[in-house]
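Notes to accompany the following structure.
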Amino acid sequence: MPPFDLDAWVARSGALDLDAIPWADVAKHEVPPDAVRTLTYMQDIERHTIIYLRSLLATRAVDDPEVSTFLACWLHEETFHGIALSRFLECAGHPVPPRPTPRGQEPIAKRLESWATSMVSKAWPDFCAVHMTWGAINELTTLTGYLRLKTVARHPVLDELLETIMRDESRHFFFYYRQAEIRLQRPVAARVARLLVDRFWAPVGSGVGSDEDLKFMARYLFSGDEGRAQARKVDDTLRKLPGFANAQLLEAWMDRHVGPTGHNGGLNGHRHN
Ligand SMILES: [Fe+2]
Ligand SMILES: [Fe+2]
(Lines give C-alpha, C1' and ligand atoms only; values in the text may rest on other atoms or scores of the structure.)
(Ligands and ions follow the chains in the order given, each with its own letter.)
Protein backbone atom coordinates (compact mmCIF):
# COMPACT_ATOMS: atom_id res chain seq x y z
CA MET A 1 0.00 0.00 0.00
CA PRO A 2 1.51 3.40 -0.98
CA PRO A 3 2.48 5.76 1.88
CA PHE A 4 0.20 8.66 2.73
CA ASP A 5 1.07 11.96 0.98
CA LEU A 6 0.71 14.41 3.87
CA ASP A 7 2.13 17.41 1.97
CA ALA A 8 -0.49 17.08 -0.76
CA TRP A 9 -3.21 16.81 1.87
CA VAL A 10 -2.00 19.86 3.82
CA ALA A 11 -1.75 21.92 0.61
CA ARG A 12 -5.51 21.55 0.15
CA SER A 13 -6.36 22.35 3.76
CA GLY A 14 -7.83 25.68 4.87
CA ALA A 15 -10.80 27.28 6.61
CA LEU A 16 -13.92 27.89 4.55
CA ASP A 17 -14.31 31.44 3.23
CA LEU A 18 -17.09 33.06 5.24
CA ASP A 19 -17.13 36.07 2.89
CA ALA A 20 -18.05 33.82 -0.04
CA ILE A 21 -21.46 32.91 1.45
CA PRO A 22 -24.36 35.24 0.47
CA TRP A 23 -25.59 35.74 4.05
CA ALA A 24 -28.00 38.53 3.05
CA ASP A 25 -29.99 36.01 0.99
CA VAL A 26 -30.53 33.53 3.84
CA ALA A 27 -33.72 35.18 5.12
CA LYS A 28 -35.26 35.29 1.63
CA HIS A 29 -36.02 31.57 1.79
CA GLU A 30 -37.77 29.56 4.46
CA VAL A 31 -35.74 27.21 6.65
CA PRO A 32 -37.90 24.24 7.77
CA PRO A 33 -38.19 23.98 11.59
CA ASP A 34 -36.69 20.45 11.51
CA ALA A 35 -33.66 21.82 9.69
CA VAL A 36 -33.28 24.57 12.30
CA ARG A 37 -33.20 22.00 15.09
CA THR A 38 -30.77 19.81 13.15
CA LEU A 39 -28.47 22.74 12.33
CA THR A 40 -28.49 23.90 15.94
CA TYR A 41 -27.30 20.44 16.98
CA MET A 42 -24.73 20.25 14.18
CA GLN A 43 -23.12 23.62 14.91
CA ASP A 44 -22.74 22.59 18.56
CA ILE A 45 -20.95 19.38 17.58
CA GLU A 46 -18.68 21.23 15.15
CA ARG A 47 -17.77 23.75 17.85
CA HIS A 48 -17.12 20.91 20.27
CA THR A 49 -14.16 19.70 18.17
CA ILE A 50 -11.73 21.56 20.42
CA ILE A 51 -12.97 19.53 23.41
CA TYR A 52 -12.49 16.24 21.50
CA LEU A 53 -9.03 17.45 20.69
CA ARG A 54 -8.30 18.02 24.37
CA SER A 55 -8.70 14.30 25.09
CA LEU A 56 -6.84 13.31 21.93
CA LEU A 57 -3.86 15.40 23.00
CA ALA A 58 -3.45 13.08 25.97
CA THR A 59 -2.92 10.12 23.62
CA ARG A 60 -0.26 8.85 21.23
CA ALA A 61 -1.90 10.93 18.49
CA VAL A 62 0.44 13.82 19.36
CA ASP A 63 3.51 11.64 18.86
CA ASP A 64 2.64 10.78 15.29
CA PRO A 65 3.78 13.63 13.00
CA GLU A 66 1.17 12.91 10.32
CA VAL A 67 -1.68 12.69 12.79
CA SER A 68 -0.68 15.76 14.80
CA THR A 69 -0.34 17.92 11.65
CA PHE A 70 -3.71 16.67 10.48
CA LEU A 71 -5.37 17.43 13.83
CA ALA A 72 -4.21 21.06 13.74
CA CYS A 73 -5.75 21.56 10.26
CA TRP A 74 -8.84 19.58 11.21
CA LEU A 75 -9.58 21.69 14.31
CA HIS A 76 -9.22 24.88 12.27
CA GLU A 77 -11.64 23.69 9.60
CA GLU A 78 -14.23 22.18 11.96
CA THR A 79 -14.25 25.37 14.04
CA PHE A 80 -15.17 27.37 10.93
CA HIS A 81 -17.96 24.90 10.18
CA GLY A 82 -19.42 25.72 13.60
CA ILE A 83 -19.05 29.47 13.03
CA ALA A 84 -20.64 29.28 9.57
CA LEU A 85 -23.59 27.13 10.68
CA SER A 86 -24.35 29.39 13.62
CA ARG A 87 -24.13 32.47 11.40
CA PHE A 88 -26.58 30.82 9.00
CA LEU A 89 -29.03 30.23 11.86
CA GLU A 90 -28.66 33.81 13.04
CA CYS A 91 -29.33 35.16 9.53
CA ALA A 92 -32.37 32.88 9.30
CA GLY A 93 -33.77 34.45 12.49
CA HIS A 94 -32.94 31.50 14.76
CA PRO A 95 -29.86 32.55 16.72
CA VAL A 96 -28.20 29.72 18.62
CA PRO A 97 -29.30 29.73 22.28
CA PRO A 98 -26.59 29.63 24.97
CA ARG A 99 -25.44 26.13 25.92
CA PRO A 100 -27.04 24.85 29.16
CA THR A 101 -23.58 23.95 30.54
CA PRO A 102 -20.19 25.49 29.79
CA ARG A 103 -18.45 23.59 27.02
CA GLY A 104 -15.36 22.83 29.05
CA GLN A 105 -17.38 21.27 31.87
CA GLU A 106 -17.84 17.76 30.55
CA PRO A 107 -20.04 15.24 32.35
CA ILE A 108 -18.26 12.64 34.46
CA ALA A 109 -18.96 9.87 31.91
CA LYS A 110 -17.17 11.86 29.20
CA ARG A 111 -14.20 12.59 31.46
CA LEU A 112 -13.93 8.91 32.32
CA GLU A 113 -14.08 8.07 28.62
CA SER A 114 -11.20 10.48 27.93
CA TRP A 115 -9.21 8.97 30.77
CA ALA A 116 -9.86 5.42 29.53
CA THR A 117 -8.86 6.46 26.01
CA SER A 118 -5.56 7.88 27.21
CA MET A 119 -4.88 4.72 29.26
CA VAL A 120 -5.57 2.45 26.26
CA SER A 121 -3.32 4.66 24.16
CA LYS A 122 -0.44 4.45 26.65
CA ALA A 123 -0.71 0.68 26.97
CA TRP A 124 -1.19 -0.09 23.31
CA PRO A 125 1.15 1.04 20.48
CA ASP A 126 -1.49 0.54 17.75
CA PHE A 127 -3.90 2.98 19.37
CA CYS A 128 -3.79 5.30 16.33
CA ALA A 129 -5.39 2.55 14.23
CA VAL A 130 -8.51 2.81 16.40
CA HIS A 131 -8.44 6.59 16.44
CA MET A 132 -8.21 6.69 12.62
CA THR A 133 -10.99 4.10 12.22
CA TRP A 134 -13.21 6.01 14.62
CA GLY A 135 -12.51 9.25 12.75
CA ALA A 136 -13.30 7.63 9.39
CA ILE A 137 -16.68 6.41 10.67
CA ASN A 138 -17.56 9.79 12.16
CA GLU A 139 -16.46 11.86 9.18
CA LEU A 140 -18.34 9.69 6.70
CA THR A 141 -21.46 9.79 8.87
CA THR A 142 -21.14 13.59 9.15
CA LEU A 143 -20.52 14.02 5.42
CA THR A 144 -23.55 11.89 4.60
CA GLY A 145 -25.63 13.73 7.21
CA TYR A 146 -24.88 17.06 5.50
CA LEU A 147 -25.67 15.56 2.12
CA ARG A 148 -29.04 14.39 3.43
CA LEU A 149 -29.72 17.76 5.08
CA LYS A 150 -29.05 19.49 1.77
CA THR A 151 -31.55 17.17 0.08
CA VAL A 152 -34.32 17.49 2.66
CA ALA A 153 -34.00 21.16 3.71
CA ARG A 154 -33.91 22.59 0.15
CA HIS A 155 -32.61 26.09 0.88
CA PRO A 156 -30.38 27.71 -1.78
CA VAL A 157 -27.89 29.41 0.58
CA LEU A 158 -27.74 26.38 2.84
CA ASP A 159 -27.04 24.30 -0.27
CA GLU A 160 -24.04 26.42 -1.07
CA LEU A 161 -22.76 26.42 2.51
CA LEU A 162 -23.19 22.67 2.88
CA GLU A 163 -21.40 22.02 -0.43
CA THR A 164 -18.43 23.96 0.92
CA ILE A 165 -18.50 22.15 4.27
CA MET A 166 -18.87 18.76 2.54
CA ARG A 167 -15.69 19.37 0.56
CA ASP A 168 -13.84 19.70 3.90
CA GLU A 169 -15.60 16.69 5.43
CA SER A 170 -14.66 14.52 2.47
CA ARG A 171 -11.00 15.54 2.85
CA HIS A 172 -11.22 14.69 6.55
CA PHE A 173 -12.78 11.36 5.71
CA PHE A 174 -10.08 10.67 3.12
CA PHE A 175 -7.32 11.29 5.67
CA TYR A 176 -8.82 9.07 8.37
CA TYR A 177 -9.85 6.31 5.99
CA ARG A 178 -6.48 6.05 4.23
CA GLN A 179 -4.69 6.10 7.58
CA ALA A 180 -7.05 3.43 8.92
CA GLU A 181 -6.56 1.27 5.82
CA ILE A 182 -2.79 1.40 6.30
CA ARG A 183 -2.78 0.88 10.09
CA LEU A 184 -5.40 -1.90 10.11
CA GLN A 185 -3.11 -4.05 7.93
CA ARG A 186 -1.75 -5.31 11.24
CA PRO A 187 -4.18 -8.12 12.19
CA VAL A 188 -4.01 -7.42 15.94
CA ALA A 189 -4.76 -3.73 15.36
CA ALA A 190 -7.71 -4.68 13.16
CA ARG A 191 -9.07 -7.14 15.74
CA VAL A 192 -8.86 -4.71 18.65
CA ALA A 193 -10.19 -1.78 16.59
CA ARG A 194 -13.18 -3.88 15.53
CA LEU A 195 -13.82 -4.99 19.09
CA LEU A 196 -13.76 -1.42 20.43
CA VAL A 197 -15.96 -0.09 17.63
CA ASP A 198 -18.47 -2.94 18.11
CA ARG A 199 -18.59 -2.27 21.82
CA PHE A 200 -18.42 1.52 22.06
CA TRP A 201 -19.17 3.32 18.79
CA ALA A 202 -22.15 5.68 18.66
CA PRO A 203 -22.72 8.56 16.21
CA VAL A 204 -20.55 11.64 16.59
CA GLY A 205 -22.01 14.01 19.16
CA SER A 206 -23.35 11.27 21.45
CA GLY A 207 -23.09 12.55 24.99
CA VAL A 208 -22.38 16.13 23.83
CA GLY A 209 -25.86 17.29 22.88
CA SER A 210 -29.07 15.74 24.21
CA ASP A 211 -30.00 12.18 23.24
CA GLU A 212 -33.40 13.44 22.08
CA ASP A 213 -31.79 15.88 19.65
CA LEU A 214 -29.46 13.18 18.33
CA LYS A 215 -32.35 10.77 17.73
CA PHE A 216 -34.44 13.53 16.20
CA MET A 217 -31.63 14.40 13.78
CA ALA A 218 -31.00 10.75 12.90
CA ARG A 219 -34.68 10.25 12.18
CA TYR A 220 -34.91 13.45 10.14
CA LEU A 221 -31.88 12.61 8.01
CA PHE A 222 -31.73 8.84 7.77
CA SER A 223 -35.34 7.62 7.89
CA GLY A 224 -37.34 6.78 4.80
CA ASP A 225 -36.08 4.77 1.85
CA GLU A 226 -33.56 7.33 0.67
CA GLY A 227 -32.20 8.02 4.17
CA ARG A 228 -31.85 4.32 4.86
CA ALA A 229 -30.09 3.76 1.55
CA GLN A 230 -27.55 6.46 2.45
CA ALA A 231 -26.98 4.96 5.91
CA ARG A 232 -26.37 1.57 4.27
CA LYS A 233 -23.92 3.16 1.85
CA VAL A 234 -21.95 4.56 4.83
CA ASP A 235 -21.78 1.09 6.38
CA ASP A 236 -20.83 -0.58 3.09
CA THR A 237 -17.87 1.80 2.62
CA LEU A 238 -16.62 1.24 6.16
CA ARG A 239 -16.95 -2.52 5.83
CA LYS A 240 -14.17 -2.40 3.24
CA LEU A 241 -11.66 -1.55 6.00
CA PRO A 242 -9.49 -4.51 7.05
CA GLY A 243 -11.32 -6.47 9.77
CA PHE A 244 -14.59 -4.58 9.34
CA ALA A 245 -16.51 -6.86 6.97
CA ASN A 246 -20.06 -7.21 8.36
CA ALA A 247 -19.52 -4.53 11.03
CA GLN A 248 -22.85 -3.21 12.31
CA LEU A 249 -22.70 0.58 12.28
CA LEU A 250 -25.09 3.39 11.33
CA GLU A 251 -28.00 1.28 10.10
CA ALA A 252 -27.87 -0.97 13.15
CA TRP A 253 -27.70 2.09 15.41
CA MET A 254 -30.77 3.49 13.62
CA ASP A 255 -32.61 0.20 14.18
CA ARG A 256 -31.77 0.21 17.87
CA HIS A 257 -32.38 3.87 18.66
CA VAL A 258 -34.75 5.30 16.06
CA GLY A 259 -36.80 2.32 14.91
CA PRO A 260 -36.89 -0.22 12.12
CA THR A 261 -36.49 0.56 8.43
CA GLY A 262 -38.38 2.67 6.07
CA HIS A 263 -40.85 4.94 7.73
CA ASN A 264 -40.26 8.17 9.53
CA GLY A 265 -43.42 7.68 11.51
CA GLY A 266 -44.82 11.07 10.56
CA LEU A 267 -42.33 12.79 12.79
CA ASN A 268 -41.25 15.49 10.39
CA GLY A 269 -42.06 18.82 11.93
CA HIS A 270 -42.96 17.43 15.34
CA ARG A 271 -40.99 16.75 18.44
CA HIS A 272 -41.65 13.36 19.96
CA ASN A 273 -39.30 13.35 22.90
FE1 LIG B 1 -17.25 19.66 10.20
FE1 LIG C 1 -14.89 16.78 9.62
Side-chain angles (χ1 to χ4, degrees), residues 4 6 8-18 20-21 35 37-57 61 66-89 96 99 103 128 130-151 153 157-181 197 201-209 213-214 217-218 220-222 230-231 233-234 237-238 241 249-250:
F4 187 82
L6 185 69
W9 192 92
V10 169
R12 290 194 304 274
S13 165
L16 70 81
D17 182 3
L18 290 170
I21 307 296
R37 187 173 174 187
T38 299
L39 283 162
T40 304
Y41 183 88
M42 285 171 153
Q43 66 78 35
D44 187 51
I45 304 310
E46 294 282 8
R47 283 173 177 262
H48 208 75
T49 307
I50 195 158
I51 307 294
Y52 293 130
L53 188 62
R54 177 171 66 181
S55 40
L56 283 171
L57 293 179
E66 284 187 351
V67 175
S68 60
T69 303
F70 164 78
L71 289 176
C73 300
W74 174 73
L75 172 68
H76 189 213
E77 293 175 8
E78 302 291 24
T79 301
F80 272 77
H81 296 169
I83 292 171
L85 293 176
S86 56
R87 186 178 294 184
F88 177 88
L89 285 165
V96 174
R99 291 191 103 238
R103 197 175 292 288
C128 275
V130 182
H131 171 201
M132 295 297 111
T133 307
W134 210 271
I137 302 172
N138 286 345
E139 293 289 346
L140 187 57
T141 312
T142 306
L143 171 62
T144 311
Y146 284 133
L147 179 68
R148 287 290 300 148
L149 178 61
K150 182 174 171 291
T151 311
V157 182
L158 186 62
D159 261 29
E160 200 175 323
L161 174 58
L162 293 178
E163 281 288 345
T164 312
I165 292 179
M166 285 190 302
R167 274 198 291 278
D168 291 347
E169 305 299 12
S170 69
R171 270 186 304 103
H172 300 165
F173 168 67
F174 175 77
F175 177 89
Y176 281 119
Y177 193 85
R178 281 286 294 124
Q179 291 283 338
E181 255 181 340
V197 167
W201 181 79
V204 59
S206 301
V208 176
D213 282 344
L214 175 64
M217 179 178 71
Y220 179 49
L221 299 178
F222 292 112
Q230 288 292 334
K233 210 167 140 196
V234 167
T237 303
L238 295 163
L241 285 172
L249 295 161
L250 186 55

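In listed order, ligands and their atoms are each counted from 1.
- Inspection of the Q179 and H131 side chains reveals no N or O donor paired with an N or O acceptor under 3.5 Å.
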### Message
Please determine whether side-chain contact (heavy atoms from CB on, under 4.5 Å) holds for the pair V234 and L249, giving the CA-CA distance in whole Å, both sets of side-chain angles, and the decisive distance to 0.1 Å.
### Response
CA-CA 8 Å; V234 167; L249 295 161; over 6 Å; no

Let me have the donor-acceptor pairs involving side chains of residues 160-167, under 3.5 Å, with sequence neighbours excluded, atom names and distances please.
unit_1	atom_1	unit_2	atom_2	d
E163	OE2	K150	NZ	3.1
T164	OG1	E160	O	2.9

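- Using modelled atom types and a 3.5 Å distance limit, the side chains of W74 and E139 yield a donor-acceptor pair.
- For the Fe ion (ligand 2), the neighbouring protein N/O/S atoms at less than 2.8 Å, given as residue and atom, are E78 OE2, E139 OE1, E139 OE2, E169 OE1, H172 ND1.
- Taking a cutoff of 4.0 Å between a charged side-chain nitrogen and a carboxylate oxygen, E78 and R47 do not qualify as a salt bridge.
- Checked against a 6.0 Å centroid threshold, the rings of H172 and Y176 do not count as neighbours.
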